[in-house]
Amino acid sequence: MVSKIEFKTAGVVDATELDPALFNVGLYGDDLSHLEWCKIPGRGTLKAGEQGVTMLAVNKAHEFIFVFRGSSVEVILNNKVGLFPSFAMLPARIESPIKGVLLDLDGTCVKSEAFWIAVILETVNRMRNRLGMPPVAAFDRSELPHISGRTVPEHLLYCIQHYCPRAALGELQDLYTDIAEEYMQKLNAGELDIDAFEPAEGLKELLLMLKENGVKIGIVTSGLYYKAWPELKQAMDKLGLGEPTEFFDAVLTSGTLAKKGGACGTMGNAIAKPWPNIYFEAAQVIGFTMDEREHYVGVGDSGSDAGSLRLMGTPFIGVAHGNIEQGGTKCMCTDFAGSLAEVKELLEKQLKN
């Protein structure tokens with residue numbers, strides 16, 4: 001059984017309780033809830049007023065536990081794979097000159113979330129059929145933070161908990177891989193009525209503007225290579241921008257899954273966003289250092305992107321239509337945009353300073 005963090009919530013955190021150097025109080029709604037206590041496997045129980053802890057909080061989607069100790073904030077990743085690392089939350093303002101921009105792929109640059117959610121739903125329903133359970137018609141919108149923007153194992157562990165209680169993760173993951181390959185073949189054959197792998201509106205203009213200003217560009221995704229590369233390649237072909245590895249300064253996907261009788265596995269399937277390591281690897285390729293961390297900007301549409309980039313110490317621009325608002329991570333955004341056209345305006349303005 002996978003270990004999990006336990007806690008008791010106790011009312012919404014007020015914006016006046018947050019340090020504006022660390023949180024964007026101008027964007028804050030009811031993102032965070034107070035915690036009376038929080039029990040972390042292998043670490044023990046934290047309580048406000050004990051061990052220097054002045055406040056405990058959690059975001060709406062329960063992805064991040066915030067441990068306040070005076071003016072410092074520690075963020076514990078509450079993931080479903082059973083590891084709970086913690087990172088210091090640092091101030092993150094966009095500083096000129098901007099030297100690099102790190103872009104999320106799914107949902108931000110390429111409109112692919114509907115496709116991958118359809119794959120997850122089909123995986124759930126085929127497993128429920130095996131278990132003698134009725135099918136699920138659709139996921140609720142409130143479930144978006146749990147079925148998009150994170151790693152496949154975390155998405156599937158959520159589905160096991162809520163839809164397939166007797167399924168094993170390995171079995172469900174094998175089924176997911178088979179269905180993903182099946183859906184990719186159907187998509188390529190024009191047999192699926194799903195808009196997939198379409199470049200986001202305003203992407204081309206944003207990319208060309210960054211290029212013209214000499215800003216290094218990295219693409220970062222938690223998606224495994226077999227999923228991520230075809231969608232990036234198709235999107236760039238549609239934009240007429242050529243090979244992704246020629247256009248971008250860094251492209252980083254999760255790797256390959258280790259399976260008996262298959263190829264050697266690589267990192268990035270279970271430990272990816274919101275861990276900062278996946279963005280950090282791409283950032284180093286384009287010149288990132290901690291001393292210049294505020295000269296690099298992340299752009300994404302999920303709470304996992306917000307966490308990954310902010311815990312790396314980097315400013316982050318959230319993009320609407322993902323799960324940032326539903327998941328309660330808008331206050332982690334340095335800025336928030338309704339579209340990539342707005343992101344372009346924000347960055348252009350900063351580049352002119």
Is it the case that the ring center of Phe66 lies less than 6.0 angstrom away from the ring center of Phe23? yes

Under 6.0 Å between ring centres: does that hold for Phe139 and His146? no

So, does [X] use its side chain to make a donor-acceptor pair with the main chain of [Y] at under 3.5 Å?
X      : Y      : answer
Ser112 : Asp106 : no
Ser3   : Gly82  : no
Ser308 : Trp275 : yes
Arg293 : Thr314 : no
Lys211 : Phe247 : yes

Are [X] and [Y] in one and the same hydrophobic cluster, where Ile, Leu, Val, Met, Phe, Trp and Tyr link if side-chain heavy atoms are under 4.5 Å apart?
X      : Y      : result
Leu83  : Val67  : no
Phe84  : Val73  : no
Val12  : Met332 : yes
Val319 : Leu232 : yes
Val75  : Ile5   : no

Distance from [X] atom [atom1] to [Y] atom [atom2], nearest 0.5 Å?
X      : Y      : atom1 : atom2 : value
Ile76  : Ile40  : CD1   : CD1   : 3.5 Å
Leu172 : Thr177 : CG    : OG1   : 9.5 Å
Asn79  : Glu154 : CG    : CD    : 5.0 Å
Leu102 : Ile286 : CG    : CD1   : 4.5 Å
Leu105 : Lys227 : CG    : NZ    : 10.0 Å
Phe64  : Asn78  : CZ    : CG    : 9.5 Å

Shortest non-hydrogen separation from [X] to [Y] and the atoms involved:
X      : Y      : answer
Asp249 : Val215 : OD2-O, 4.3 Å
Pro153 : Val81  : CB-CG1, 4.5 Å
Gly338 : His321 : O-NE2, 3.4 Å
Thr334 : Asn24  : O-ND2, 3.1 Å
Ala57  : Leu32  : CB-CB, 4.3 Å
Asn323 : Leu144 : ND2-O, 3.7 Å

Do the side chains of Glu182 and Lys186 get close enough for a salt bridge, i.e. N-O under 4.0 angstrom? yes

Arg126 and Glu122 ion-paired at < 4.0 Å: yes

May I ask you to test the [X]-[Y] pair for a side-chain heavy-atom distance under 4.5 Å?
X      : Y      : result
Val152 : Trp116 : no
Asn59  : Asp31  : no
Ile317 : Leu347 : yes
Met127 : Cys159 : no
Ser254 : Thr151 : no
Met209 : Leu351 : yes
Pro41  : Lys4   : no
Glu325 : Phe336 : yes

Decide yes or no on side-chain contact (heavy atoms from CB on, under 4.5 Å) for Met312 and Tyr296, but give the supporting numbers first. CA-CA 11 Å; Met312 192 174 87; Tyr296 292 80; over 6 Å; no

One pair to check against salt bridge (Lys or Arg N to Asp or Glu O under 4.0 Å): Glu294 and Arg93. What are the steps and the verdict? CA-CA 6 Å; Glu294 292 177 306; Arg93 297 176 57 189; over 6 Å; no

Would you say Asp291 and Thr289 are linked by a side-chain donor-acceptor pair, where the criterion is simply a distance under 3.5 Å? no

Modelled atom types, side-chain donor and acceptor of His34 and Glu17, under 3.5 Å: yes

Working for side-chain contact (heavy atoms from CB on, under 4.5 Å), residues Ile120 and Tyr158: CA-CA 11 Å; Ile120 293 172; Tyr158 174 85; over 6 Å; no

After noting the C-alpha distance and the side-chain angles of Leu77 and Phe87, does the key distance pass the side-chain contact (heavy atoms from CB on, under 4.5 Å) rule? CA-CA 8 Å; Leu77 302 188; Phe87 303 89; 3.9 Å; yes

Is it the case that more than 12 heavy atoms not belonging to Lys39 sit under 6.0 Å from its NZ atom? no

Does Leu224 form a side-chain contact (heavy atoms from CB on, under 4.5 Å) with Thr253? I'd like the steps, not just the answer. CA-CA 6 Å; Leu224 292 172; Thr253 75; over 6 Å; no

Lys216/Glu292 under salt bridge (Lys or Arg N to Asp or Glu O under 4.0 Å): CA gap, chis, key distance, verdict: CA-CA 14 Å; Lys216 298 281 182 79; Glu292 295 191 318; over 6 Å; no

Per the salt bridge (charged side-chain N to carboxylate O under 4.0 Å, His left out) rule, what does the pair list look like for residues 297-316, sequence neighbours excluded? Lys273-Asp305

